Q: 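I have a structure I would like to understand better, so I am pasting it below and will then ask my questions one at a time.
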There are 2 protein chains.
Amino acid sequence: MAVFLSTYVNKVDRKGRVSIPAQFRQSLAKTSAPSTVYLWPSLNHQALEGADQDYLDVLSESLESPDLDADERDMIETFIFGKLIPVSSDAEGRIVLPKELAEFAGITEEAAFIGRRKTFQIWEPDALKAHEAALREQVVRKDISLSQIVAKASRGAAGRSGEGA
Amino acid sequence: MAVFLSTYVNKVDRKGRVSIPAQFRQSLAKTSAPSTVYLWPSLNHQALEGADQDYLDVLSESLESPDLDADERDMIETFIFGKLIPVSSDAEGRIVLPKELAEFAGITEEAAFIGRRKTFQIWEPDALKAHEAALREQVVRKDISLSQIVAKASRGAAGRSGEGA
DNA sequence: TGCCGTCCCATGCTATCCCAAGAATGCCCA
DNA sequence: TGGGCATTCTTGGGATAGCATGGGACGGCA
């Protein structure tokens, strides 16, 4: 599965095309469908989410889980798979941002790609800045630190040791 | 089996014809009966459900399972198989929406196809919007996020490890 | 014989492909 | 250590093919 890191801001031309950051493309090259990315509107932000085929396969599988209640499944089917748009890149590594998605995220002239490991997001650059500012405030308020999180997670993993990778 | 994604809104002409979205057609092309789709009224919504031949075969088979109680089987047979209408597409990839189904879903001028992976739904566009708005409210209220669901599902899968994949 | 459904043909629009060039980066050589 | 060269990336525009949509004609059923 591809890994997406860093933030890149690229221009959207009047046909609605954007270059996928070269780093993302290199990552996508290792996946089962290198020239296809899947886009959908974020459940929680005015932004787009993106992932590769392999991630979607995992997600699709997790929907088969009997632990998931019917309402949640219905929501995911409607809001993720119902909104999911497979987008294939051209020879230059560009994709066309579907109109309804661009509108949803308020993207017009520029698009900010932000890597989130297994997925990435696409934001309107100013909206991203605002979002980051708000998040940073929370970090300060809640006094979150990285070392703390790592410590907490490894404590939890020790309790569940032997669980899948 | 075909996979249906995304949402497409197409016009219904005065003969009752609608184009099946090209993406859906491409998906259907790989199935055992590419030019036939099966439609039936949704059990839970004022909308239509659709699927390909292969999906119906699987559904039919699962009705043979002894685990299914008689009431459930009876319901499925009455409301799904009893209402099922096979619809074949013309050379342009259009189908004629059966009158009683169009009426059931309130479809007159436009039809919204919404992919749900193995099946799809057909809605009257405004009704779909209302439905989505209601669902989105639930997403906010329950504070649902995608990564959460994936995590939950994989935890569940780990707990059931050894079960057939 | 009249009506309804199916098939065939025509058209505007949209999206996809192809070709091209400027800019930035990194590398090599002097 | 500095400058020049080459490669890669991003961005732009035109041509082409596919798709959604509309109307008319033919055949079958009532």
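Each chain gets a letter, A, B and so on, in the order its sequence line appears, and its residues count up from 1. The structure displayed is predicted, hence computed values, not measured ones.
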Q: Summarise how protein sits on nucleotides 5-11 of chain D as a single string, 5' to 3': B when a protein heavy atom is under 4.0 Å from the base, S for sugar-phosphate-only contact, - for no contact.
A: ----SBB

Q: Got a sec? Which of residues 115-123 of chain A come in under 4.0 Å of DNA chain D, heavy atoms?
A: none

Q: Taking the hydrophobic residues Ile, Leu, Val, Met, Phe, Trp and Tyr, and joining any pair whose side-chain heavy atoms are under 4.5 Å apart, which ones share a cluster with B:Leu128?
A: B:Ile114, B:Trp123

Q: Indicate yes or no: does A:Glu124 engage A:Lys129 in a salt bridge with an N to O separation below 4.0 Å.
A: no

Q: Spell out, as yes or no, whether a donor-acceptor pair under 3.5 Å connects the side chain of B:Asp54 to the backbone of B:Met1.
A: no

Q: Taking B:Arg116 for its side chain and A:Phe81 for its backbone only, find out whether a donor-acceptor pair lies under 3.5 Å.
A: no

Q: Run through the side-chain heavy atoms of Ile, Leu, Val, Met, Phe, Trp and Tyr, join any pair under 4.5 Å, and report what else lands in A:Ile149's cluster.
A: A:Val139, A:Ile144

Q: Compile the donor-acceptor pairs under 3.5 Å between side chains in residues 85-99 of chain A and protein atoms, sequence neighbours left out, one pair per line.
A:
from    : atom 1 : to      : atom 2 : distance (Å)
A:Asp90 : OD1    : A:Glu92 : N      : 2.9
A:Asp90 : OD1    : A:Gly93 : N      : 3.1
A:Asp90 : OD1    : A:Arg94 : N      : 2.8
A:Asp90 : OD2    : A:Arg94 : NE     : 3.3
A:Glu92 : OE1    : A:Arg94 : NH2    : 3.4

Q: Residues in salt bridge (Lys or Arg N to Asp or Glu O under 4.0 Å) with A:Asp126, at least two apart?
A: none

Q: Show me the donor-acceptor pairs within less than 3.5 Å that the side chains of residues 36-50 of chain B make with the rest of the protein, sequence neighbours left out.
A:
from    : atom 1 : to       : atom 2 : distance (Å)
B:Tyr38 : OH     : B:Gln53  : OE1    : 2.8
B:Ser42 : OG     : B:Asn44  : N      : 3.1
B:Ser42 : OG     : B:His45  : N      : 3.0
B:Ser42 : OG     : B:Glu49  : OE2    : 3.4
B:Glu49 : OE2    : B:Gln121 : NE2    : 3.1

Q: Show your reasoning for whether side-chain contact (heavy atoms from CB on, under 4.5 Å) applies to A:Asp143 and A:Gln148.
A: CA-CA 10 Å; A:Asp143 193 27; A:Gln148 210 173 22; 5.8 Å; no

Q: Starting from A:Val140, walk the hydrophobic network (Ile, Leu, Val, Met, Phe, Trp, Tyr; side-chain heavy atoms closer than 4.5 Å) and list everyone else you reach, by chain and number.
A: none

Q: Determine whether a donor-acceptor pair (N or O, by modelled atom type, separation under 3.5 Å) exists between the side chain of A:Asp52 and the backbone of A:Thr31.
A: no

Q: With sequence neighbours left out, write down each residue that passes ring-ring contact (aromatic ring centres under 6.0 Å, His included) with B:Phe24, or none if nothing qualifies.
A: B:Phe4, B:Tyr8, B:Phe120

Q: End-to-end bend of the helix from C:dT1-D:dA30 to C:dA30-D:dT1 (five-pair axes, 10° rounding)?
A: 30°

Q: Which salt bridge (Lys or Arg N to Asp or Glu O under 4.0 Å) pairs, counting each pair once, include a residue from residues 16-38 of chain A, with sequence neighbours left out?
A: A:Asp13-A:Arg17

Q: Measure the distance from CD on B:Glu109 to C1' on D:dT21 and round it to the nearest whole Å.
A: 14 Å

Q: Can a donor-acceptor pair under 3.5 Å be found between the side-chain atoms of A:Arg14 and the base atoms of D:dG13?
A: no

Q: Could you give the start and end, 5' to 3', of the contact zone on DNA chain C for chain B, using atoms under 4.0 Å from its heavy atoms?
A: C:dT6 to C:dC9

